[in-house]
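What you are looking at is a predicted structure, and each value in this text was computed from that prediction instead of being measured. First listed ligand is number 1; within each ligand, the first listed atom is number 1.
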Amino acid sequence: MATDQKNLNEYSDKNLVDISDRQFAIVVSEWNEEVTSSLFEGAMATLLKHGATPDNIIRKNVPGSFELTLGAQWMAQKATVDAVICIGCVIQGETRHFDFICDAVAQGITNVGLKFNKPVIFGVLTPDNQQQALERAGGKHGNKGIEAAITAIKMLGF
Ligand SMILES: Nc1c(NC[C@H](O)[C@H](O)[C@H](O)CO)[nH]c(=O)[nH]c1=O
Ligand SMILES: CC(=O)[C@@H](O)COP(=O)(O)O
């Protein structure tokens, strides 16, 4: 279902696992900071809403979404980290650079989760333009950071 038919803030909160003693890392890209800061706020608020403690949420910034993979790996390798949430926004430009970044980040983040056998969540927007990004970072389509956080929680309850 495309995002324009589904609000990213809407989810079932039934039977969520207790996360009061779980540690989360949130790795945030600094590119498109207006968007990624909103995504981070959504993710942070959702984790706290469902019982995570502030001391158990570690934020690390990376320059751009391409660096999310290595940042996620550095956090996922920590035995104390239960889940990693990657936050980014890659906006289509004039060239194919967009495609290379998006493909690398999607595959890279997938591989980190598989390598360290823990949830590593793809909270990365890949819009055509700034408007689409803002609509998914607290606008009319909700906040992808909320979706990413609840995804991490649900995976911990697998
Ligand atoms: N254009 C965007 C980028 N580009 C930067 C790359 O992510 C990377 O930091 C650079 O290629 C050096 O390795 N990053 C985003 O997150 N969003 C963009 O729209
Ligand atoms: C996704 C990007 O890296 C993008 O901002 C680069 O823009 P361009 O393709 O116009 O160089």
### Query
Is there at least one pair of N or O atoms, one from Ile101 and one from ligand 1, spaced under 3.5 Å apart?
no
Q. Under the 3.5 angstrom rule, does the side chain of Asp82 hit a backbone N or O of Phe24 as a donor-acceptor pair?
A. no
Donor-acceptor pair, distance only, cut-off 3.5 Å: does the side chain of Glu135 make one with the backbone of Gly138? no
Requested in this report: Take every heavy atom of Ser29, measure it against each atom of ligand 1, and state whether any distance is under 4.0 Å.
Outcome: yes
* Asked: Got a donor-acceptor contact below 3.5 angstrom from the Lys118 side chain to the Val81 backbone?
  -> yes
**Q.** Check: Phe66 N/O within less than 3.5 Å of ligand 1 N/O
**A.** yes
protein heavy-atom neighbour closest to atom 14 (N) of ligand 1 works out as Trp31 CG, 3.4 Å
May I have every N or O pair linking ligand 2 to the protein at under 3.5 Å, one per line with atom names and distance?
residue  : atom   : partner : partner atom : Å
ligand 2 : 3 (O)  : His97   : ND1          : 2.5
ligand 2 : 9 (O)  : Glu94   : N            : 3.2
ligand 2 : 9 (O)  : Thr95   : N            : 2.8
ligand 2 : 9 (O)  : Thr95   : OG1          : 2.5
ligand 2 : 10 (O) : Glu94   : N            : 2.7

Per-atom filter on ligand 1: closer than 4.0 angstrom to a heavy atom of Asn32 are 17 (N), 18 (C), 19 (O)
Among non-hydrogen protein atoms, atom 19 (O) of ligand 1 lies closest to Ile91 N, 3.0 Å
Counting from 1 in the order shown, the ligand 1 atoms closer than 4.0 Å to a non-hydrogen atom of Cys89 are 15 (C), 16 (O), 17 (N), 18 (C), 19 (O)
* Check: Glu30 main-chain N/O paired with Glu33 side-chain donor or acceptor under 3.5 Å -> no
Check your understanding: Quick check: does any side chain N or O of Thr36 sit under 3.5 Å from a backbone N or O of Ser29, one acting as donor and the other as acceptor?
Key -> yes
Counting from 1 in the order shown, the ligand 1 atoms closer than 4.0 Å to a non-hydrogen atom of Gly64 are 7 (O), 9 (O), 16 (O)
Using a 6.0 Å cut-off, check whether atom NZ of Lys6 has over 12 heavy atoms from anything other than its own residue. yes
Can a donor-acceptor pair be found, under 3.5 Å and without considering hydrogens, that links the side chain of Asn143 to the backbone of Ser38? yes
Nearest heavy atom to atom 10 (C) of ligand 1, choosing from Glu33, Glu67, Gln130, Gln92, belongs to Glu67
Smallest heavy-atom separation, Phe98 atom then Gln92 atom, equals CD2-OE1, 3.0 Å
Between Leu8 and Lys144, the two heavy atoms sitting closest are CD1-N, 3.7 Å
One finds that the ligand 1 atoms under 4.0 Å from a non-hydrogen atom of Val90 are 17 (N), 18 (C), 19 (O)
Is the backbone of Pro63 close enough, under 3.5 Å, to the side chain of Glu67 for a donor and an acceptor to pair up by distance? no
Say whether Glu30 and ligand 1 are in contact under the criterion: heavy-atom distance to a ligand atom below 4.0 Å. no
message: Counting C-beta onward and ignoring hydrogens, is there a side-chain heavy-atom pair between Tyr11 and Glu147 closer than 4.5 Å?
response: no
Of all heavy-atom pairs linking Ser20 and Asn56, the shortest is O-ND2, 3.8 Å
Near His97 (heavy-atom distance under 4.0 Å), the atoms of ligand 1 are 11 (O)
